[in-house]
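Following: one structure in structure tokens, then a few remarks.
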There are 2 protein chains.
Amino acid sequence: MEAVRQVDSAPMFSIGELAREFDITTRTIRYYEDQGLLAPIREGRRRLYRRRDRARLKLILRGKRLGFTLGEIRETFVLYDQAHGESRQLQYYLGVLDEKREQLQQQRRDIDDALAELEQSYARCQELLSRQNTDGAG
Amino acid sequence: MEAVRQVDSAPMFSIGELAREFDITTRTIRYYEDQGLLAPIREGRRRLYRRRDRARLKLILRGKRLGFTLGEIRETFVLYDQAHGESRQLQYYLGVLDEKREQLQQQRRDIDDALAELEQSYARCQELLSRQNTDGAG
DNA sequence: AGGAATGCTAACGTTTACGTAAAGGGAACT
DNA sequence: AGTTCCCTTTACGTAAACGTTAGCATTCCT
């Protein structure tokens, strides 16, 4: 047997499969669960990850690539899950989203700046090299 | 006297001034120096930061906003400072820059994805609210 | 001159995000 | 039956990035 599957044929994953797929350790995945970021179902003692668990893991890893802490990532999950209720909750959620958008846009500006500077360095570097190859050759 | 200045009128900053300007603690700034990221000059025991020290601090903070570690940031500084020499160094530097570009572009994709999802959540949230205001009123 | 503000070093404390054993259960291959 | 995987919990260890406290020197203000 390769992939763990349920009777209803909904795709399920073992912790090892996910670890291999995303190139992280099983320890890391368990730690995320410990921190309230994942909630796989159990088959006996074993963890079974559904599609949505796998999707959340993807979101966690993307968040990490962007420099967010696990705490920040968890908060977005909690908020998202709570955003199906009263008007006050929804209003609050909208505010949080506004802040997040601000932050992401700032990050994009930072990235664009960094990329621009990188290209300048790249060009200067190439110039130096081509000069060395031209007048340094004997 | 407000800003610390040298005889030659080159603008200099105290650690406190920089801390206030960038909304960080002096401890943080000293820590960056400890980690080899900053190298202010001394006037007796006191640190004096030149324009380039301030510029580096800006770069550090931008790097941090993008989720880079202080170690990664230091490496870019070291490489940049060394990139004025032999062909081999320059070649190596170009390779590093290629990797950095890859990474930054990945991050931009992540951000764009995150922003797109955020806008979807935003729209759904607003829809829910407008519905509540419409058929919930009476 | 006396106090407040600023700066210094040294050192211990703290949070985050895991790494790394240790000790064991259960299935499967030989 | 023995070994090999894969999974489990528990728990101690660790690197990074500062926070915090202590004790002391300067400098500014009044």
Side-chain angles (χ1 to χ4, degrees), chain A residues 1-6 12-50 53-54 56-78, chain B residues 1-6 12-50 53-54 56-78:
Chain A
M1 245 182 269
E2 260 245 306
V4 184
R5 283 173 187 283
Q6 285 287 75
M12 306 280 281
F13 313 90
S14 75
I15 193 169
E17 286 170 344
L18 288 186
R20 255 163 285 155
E21 175 174 3
F22 294 109
D23 196 30
I24 55 184
T25 69
T26 58
R27 169 69 171 108
T28 297
I29 298 179
R30 288 196 201 95
Y31 180 70
Y32 293 162
E33 179 177 350
D34 219 59
Q35 299 300 304
L37 291 167
L38 291 174
I41 58 175
R42 297 283 181 136
E43 188 193 45
R45 314 179 71 198
R46 302 201 156 182
R47 293 168 174 83
L48 283 184
Y49 298 82
R50 293 151 291 180
D53 297 316
R54 184 168 163 281
R56 287 231 151 164
L57 182 51
K58 258 191 200 175
L59 287 177
I60 295 170
L61 297 177
R62 189 182 71 189
K64 291 226 68 192
R65 284 198 301 275
L66 293 179
F68 296 113
T69 69
L70 297 183
E72 289 171 322
I73 297 171
R74 178 183 44 225
E75 272 193 48
T76 69
F77 288 169
V78 171
Chain B
M1 244 180 272
E2 260 244 304
V4 185
R5 283 172 186 282
Q6 285 286 75
M12 307 281 281
F13 313 91
S14 75
I15 193 169
E17 285 171 344
L18 288 187
R20 254 164 285 157
E21 174 174 3
F22 294 109
D23 196 30
I24 57 184
T25 69
T26 57
R27 170 68 170 107
T28 296
I29 297 179
R30 288 196 202 96
Y31 181 71
Y32 292 163
E33 178 176 350
D34 217 61
Q35 298 301 303
L37 292 167
L38 292 174
I41 58 175
R42 298 282 181 139
E43 188 193 45
R45 314 178 72 199
R46 303 203 154 179
R47 293 167 174 84
L48 283 184
Y49 298 83
R50 294 150 291 182
D53 297 315
R54 185 167 165 281
R56 286 232 152 164
L57 182 51
K58 258 191 198 174
L59 286 177
I60 295 170
L61 297 177
R62 188 182 73 189
K64 291 228 69 192
R65 283 199 301 276
L66 293 178
F68 295 115
T69 69
L70 296 182
E72 289 170 321
I73 297 170
R74 177 181 47 223
E75 272 193 47
T76 68
F77 288 168
V78 171

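First the proteins, then the strands, lettered A, B, ... as listed; each starts at 1. This structure is a prediction, so every number in the text was calculated from the model and none was measured.
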Expressed in angstrom and rounded to an integer, what is the separation of [X] atom [atom1] from [N] atom [atom2]?
{"X": "A/Glu17", "N": "D/dC7", "atom1": "CD", "atom2": "P", "value": "8 Å"}
{"X": "B/Leu48", "N": "D/dT26", "atom1": "CG", "atom2": "P", "value": "16 Å"}
{"X": "A/Leu18", "N": "D/dC6", "atom1": "CG", "atom2": "C1'", "value": "14 Å"}
{"X": "B/Ile60", "N": "D/dC18", "atom1": "CD1", "atom2": "C1'", "value": "14 Å"}
{"X": "B/Phe13", "N": "C/dG7", "atom1": "CZ", "atom2": "C1'", "value": "18 Å"}
{"X": "B/Arg47", "N": "C/dT6", "atom1": "CZ", "atom2": "P", "value": "17 Å"}
{"X": "B/Phe68", "N": "D/dA17", "atom1": "CZ", "atom2": "C1'", "value": "17 Å"}
{"X": "B/Leu38", "N": "D/dC18", "atom1": "CG", "atom2": "P", "value": "12 Å"}

Taking every non-hydrogen atom, the tightest pair across [X] and [Y]:
{"X": "B/Leu48", "Y": "B/Pro40", "result": "O-CB, 3.3 Å"}
{"X": "A/Leu38", "Y": "A/Glu33", "result": "O-CG, 3.5 Å"}
{"X": "B/Ile73", "Y": "B/Ile60", "result": "CD1-O, 3.6 Å"}

SB check B/Arg50 B/Asp53 (cutoff 4.0 Å):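 Result for this pair is yes, salt bridge flagged.
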
Contacts of type side chain to side chain contact (heavy atoms under 4.5 Å, CB included), residue A/Thr69, not counting sequence neighbours: A/Glu72

Could you run down the sub-3.5 Å N/O contacts of the protein with nucleotides 23-27 of chain C?
residue : atom : partner : partner atom : Å
C/dG25  : N2   : A/Arg46 : NH2          : 3.3

Atom pair OH/CG of A/Tyr32 and A/Leu18 - distance to nearest 0.5 Å: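 So the OH of A/Tyr32 and the CG of A/Leu18 are separated by 12.5 Å.
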
Can you tell me how far the OH atom of B/Tyr31 sits from the CG atom of B/Leu70, to the nearest 0.5 Å? 6.0 Å

Is any side-chain nitrogen or oxygen of B/Lys64 closer than 4.0 Å to OP1 or OP2 of D/dA17?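 The answer is no; no side-chain N or O of B/Lys64 sits under 4.0 Å from OP1 or OP2.
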
Tell me whether A/Glu75 at atom CD has more than 12 heavy atoms from other residues, nucleotides or ligands lying less than 6.0 Å away.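 Not more than 12 within 6.0 Å, no.
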
Look at all strands and tell whether A/Arg42 reaches a base, only sugar-phosphate, or nothing, counting heavy atoms closer than 4.0 Å. sugar-phosphate

Where along residues 21-35 of chain A does a heavy atom fall under 4.0 Å from DNA chain C?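 By residue number: A/Thr25, A/Arg27, A/Thr28, A/Tyr31, A/Tyr32.
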
Between A/Arg74 (side chain) and A/Gly36 (backbone), is there a donor-acceptor pair under 3.5 Å?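 No: the side chain of A/Arg74 does not pair with the backbone of A/Gly36.
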
